[in-house]
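These notes are about the structure you will find just below.
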Amino acid sequence: MRVFRSVAEIEPGFGPSAVTIGKFDGVHSGHRAVLAHLVDDARAAGLVPAVVTFDRNPLAVIAPARCPEPLVSVEQKLELLAETGVDAALVVHFDEAFAAVTAERFVSELLVGALHAARVYVGSDFRFGAGNGGDVALLERLGRELGFTVELIDDVTGSAGERVSSTKIRGLLADGDVDEATRLLGRCPAVRGLVVHGAKRGRELGFPTANLSPESEGLIPADGIYAGWLVDGGVRRPAAISVGNNPTFEGVPQKQVEAHVIGETIDLYDHEVEVVFARRIRGMVAFQGVPALIEQIADDVRVARGILGVL
């Protein structure tokens, strides 16, 4: 997938294209269904399937107090978009200047002038341009004037009939419900970051852990113990994962992600790894002393082995 970080990077001969526009936070199963439809249509019509997305949630500029934490980083999002078969992604730098761009200018300069859009795919509630001044009716009128058609996209529902949304998934992760989040995402939730040195308490307890840097990418689920995987250089290893501040010990920073690789001791310091959450085992609790904690960790590892099918 070609990635354009600005309109200036798009080559003059690009297109004609079939384009959809959105934040695509999490690139969840709803997004994937829409993008699969876009790719199929584009291929059949001889068009380049492309997406326009943003380097941050527009609310971060327009209404910071209402801006939610992203499910994935921009780089994670681009990797997930590439998996859908889309040929190109334009990542718009959303700042105050872009927020002031009118709906008409957005269409004429970006969709038509840069991407040479022949078809534009949007939802029925799509709004765009300064102050959300543009709607589907305006987009259709501009399409007639500038030579592209507008295709309306229906909401995608999950297997239980509910609308799939990034907001819903964010709430599930806040509750630690990674099973349901997995169903709506179409994959297990994951965070990615550099393995850094910690207090080495896990090693002292007999369960060494890979500690992710606080600057990790991706939305971390609720505090607790999880079964999952640690992925390093494409190699996936089963893991028991701790999220939280480890209340048995004082002075531990909030929201640490620590992954104990099951059945293997490996040096991962300074490696960029992905920690994948498969199922929550329990919440985070304080224990009366180290022996009780060790006993519980051993049981958590046993449960994680069962969940992951590790003998």
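Please read these numbers as outputs of a predicted model, since none were measured by experiment.
Residue pairs meeting the salt bridge (Lys or Arg N to Asp or Glu O under 4.0 Å) criterion with at least one member in residues 56-67: none, sequence neighbours excluded.
Listed by chain and number, the residues in a salt bridge (Lys or Arg N to Asp or Glu O under 4.0 Å) with Arg236 amount to none (sequence neighbours excluded). For Glu295, the side chain to side chain donor-acceptor pair (under 3.5 Å) test picks out no residue, with sequence neighbours left out. Residues forming a side chain to side chain donor-acceptor pair (under 3.5 Å) with Arg170 (at least two apart in sequence, or on another chain): Asp25. Take Asp299 and apply the salt bridge (Lys or Arg N to Asp or Glu O under 4.0 Å) test, not counting sequence neighbours, and it matches Arg302. For Arg187, there are no salt bridge (Lys or Arg N to Asp or Glu O under 4.0 Å) partners, not counting sequence neighbours. Under the ring pair (Phe, Tyr, Trp, His ring centres under 6.0 Å) criterion, His31 pairs with Phe24, His28, sequence neighbours left out. Applying the salt bridge (Lys or Arg N to Asp or Glu O under 4.0 Å) rule to Glu75 yields the partners Arg5; only residues at least two apart in sequence or on another chain are considered. With sequence neighbours excluded, the residues that form a side chain to side chain contact (heavy atoms under 4.5 Å, CB included) with Ala227 are Ile281, Ala304, Ile307, Leu308. Partners of Val101 by side chain to side chain contact (heavy atoms under 4.5 Å, CB included), not counting sequence neighbours, listed by chain and number: Phe98, Arg105, Phe106. Not counting sequence neighbours, the partners of Arg280 by the side chain to side chain contact (heavy atoms under 4.5 Å, CB included) test are Ala222, Tyr226.
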### Query
Between Asp177 and Arg279, is a salt bridge (charged side-chain N to carboxylate O under 4.0 Å, His left out) present by the stated rule, with each step listed?
CA-CA 8 Å; Asp177 191 350; Arg279 187 173 303 169; over 6 Å; no

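In this structure, Gly134 and Leu138 approach most closely via the heavy-atom pair CA-CD2, 3.7 Å. Here the closest heavy-atom approach between residue Phe277 and residue Ala190 is recorded as CD1-CA, 4.4 Å.
Using a 4.0 Å cut-off between charged side-chain N and carboxylate O, Glu9 and Arg2 make no salt bridge. A salt bridge between Lys77 and Asp55 is absent, with no side-chain N of the basic residue lying under 4.0 Å from a carboxylate O of the acidic one. Using a 4.0 Å cut-off between charged nitrogen and carboxylate oxygen, Glu217 and Arg192 count as a salt-bridge pair. Between Glu145 and Arg141 there is a salt bridge, with a side-chain nitrogen of the basic residue lying less than 4.0 Å from a carboxylate oxygen of the acidic one.
With a 4.5 Å cut-off on side-chain heavy atoms, Leu80 and Val72 count as touching. By the 4.5 Å heavy-atom criterion applied to side chains, Asn211 and Val195 are not counted as neighbours. Between Asp135 and Phe128, the closest side-chain pair of non-hydrogen atoms is not below 4.5 Å. In this structure, the side chains of Val261 and Glu264 come closer than 4.5 Å at one or more pairs of heavy atoms. Residues Leu184 and Leu172 meet the side-chain proximity criterion, which asks for heavy atoms closer than 4.5 Å. A 4.5 Å side-chain heavy-atom check between Ile262 and Val301 finds at least one atom pair inside the cut-off. Between Thr53 and Leu90, every side-chain heavy-atom pair lies at or beyond the 4.5 Å cut-off.
Residue Ile241 holds its CD1 atom at 11.5 Å from OG1 of Thr209, rounded to the nearest 0.5 Å. Interatomic distance, Leu38 CG to Glu151 CD, rounded to the nearest 0.5 Å: 10.0 Å.
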For residues 116-126, run the donor-acceptor check on the side chains, cut-off 3.5 Å, and write out each pair with its distance to 0.1 Å, sequence neighbours left out.
residue	atom	partner	partner atom	Å
His116	ND1	Phe14	O	2.8
Tyr121	OH	Asp41	OD2	3.0

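There is a path of hydrophobic side-chain contacts, each under 4.5 Å, that joins Val273 to Leu219.
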